[in-house]
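The structure under discussion appears below in the form of structure tokens.
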Amino acid sequence: MNDHALDGYEISTDPARLDADLVHYWLATDAYWAVDRPRELHDRAVAGSLNFGLYASGSGRQAGYARVVTDHATFAWLCDVYICRDDRGKGLGTALIEAIADHLTPCGLSRLTLATKDAHGVYEKVGFRTLVSPEQWMTLGLIDPGPVDI
């Protein structure tokens, strides 16, 4: 893990430490994938996930967040990764993702998957790569199926 990036910061999975209002605000106002996400939907997503908070060591101020949807046995989906704008540029996103991967390694998962439109470089530093066989993957958009080529 990139311990140097975490100087002055700590990561916790304790749900009691999460600043739920702040995390919802970050995602619903500043994360392209979650803009305008209703609070009730956000709270349900958090309740059904393994949550990681990134905190300033001295003050306990929350500086980042990520959640993982997983069965703790075969599969995990990393989502809602967010670093506070004031804390960006310090390698904290990479350190948070490394900590998540380290936390999940003992589970023996076949894969940890994610989707990103613009942060490929951050995830590649941790070892993520594009799908080797994307033709094997499918998705079902239940609300918004996205563009369809005819």
### Query
So, do Asp80 and Arg37 sit near enough that their side-chain heavy atoms are less than 4.5 Å apart?
yes

### Query
Taking side chain as C-beta onward, heavy atoms only, is Thr29 less than 4.5 Å from Val35?
no

Tell me the closest heavy-atom pair linking [X] and [Y], and the distance in Å.
| X | Y | answer |
| --- | --- | --- |
| Gly60 | Tyr55 | O-CD2, 3.4 Å |
| Gln62 | Gly53 | NE2-CA, 4.1 Å |
| Trp26 | Ala63 | CH2-C, 3.7 Å |
| Tyr9 | Ser57 | N-OG, 3.2 Å |
| Ala45 | Ser49 | O-OG, 2.6 Å |
| Lys117 | Tyr32 | N-OH, 2.7 Å |

### Query
Has the side chain of Ser133 got a donor or acceptor atom that lies under 3.5 Å from a matching backbone atom of Glu135?
no

#### Entry: Expected output: side-chain Thr116 to main-chain Ala119 donor-acceptor under 3.5 Å
yes

Verify the cluster assignment for [X] and [Y]: are they in a single hydrophobic cluster under the rule of side-chain heavy atoms below 4.5 Å apart?
| X | Y | result |
| --- | --- | --- |
| Val69 | Leu27 | no |
| Ile83 | Leu22 | no |
| Leu18 | Ile100 | no |
| Val46 | Leu96 | no |

So, taking the atom named [atom1] in [X] and the one named [atom2] in [Y], what distance separates them when rounded to the nearest 0.5 Å?
| X | Y | atom1 | atom2 | result |
| --- | --- | --- | --- | --- |
| Asp14 | Phe52 | CG | CZ | 12.5 Å |
| His120 | Asp118 | NE2 | CG | 8.5 Å |
| His103 | Ile11 | NE2 | CD1 | 11.0 Å |
| Leu6 | Glu98 | CG | CD | 8.5 Å |
| Leu104 | Phe75 | CG | CZ | 11.5 Å |
| Thr113 | Leu78 | OG1 | CG | 9.5 Å |

### Query
Do Arg61 and Asp86 sit within salt-bridge range, that is, some charged N less than 4.0 Å from a carboxylate O?
no

### Task
From the options Asp30, Leu54, Val23, select the one residue that forms a side chain to side chain contact (heavy atoms under 4.5 Å, CB included) with Tyr82.
Asp30

### Candidates Thr130, Leu114, Thr94, Leu112 - the one meeting side chain to side chain contact (heavy atoms under 4.5 Å, CB included) with Tyr123
Leu114

#### Entry: Exceeds 12 heavy-atom contacts within 6.0 angstrom, atom CG of Asp36
no

### Query
Quick one: do the Tyr65 and Asn51 side chains pair a donor with an acceptor below 3.5 Å?
yes

### Task
Taking the six-membered ring of Tyr25 (Phe, Tyr or Trp), confirm whether the NZ or CZ of Arg39 is under 6.0 Å from its centre and within 45° of its axis.
no

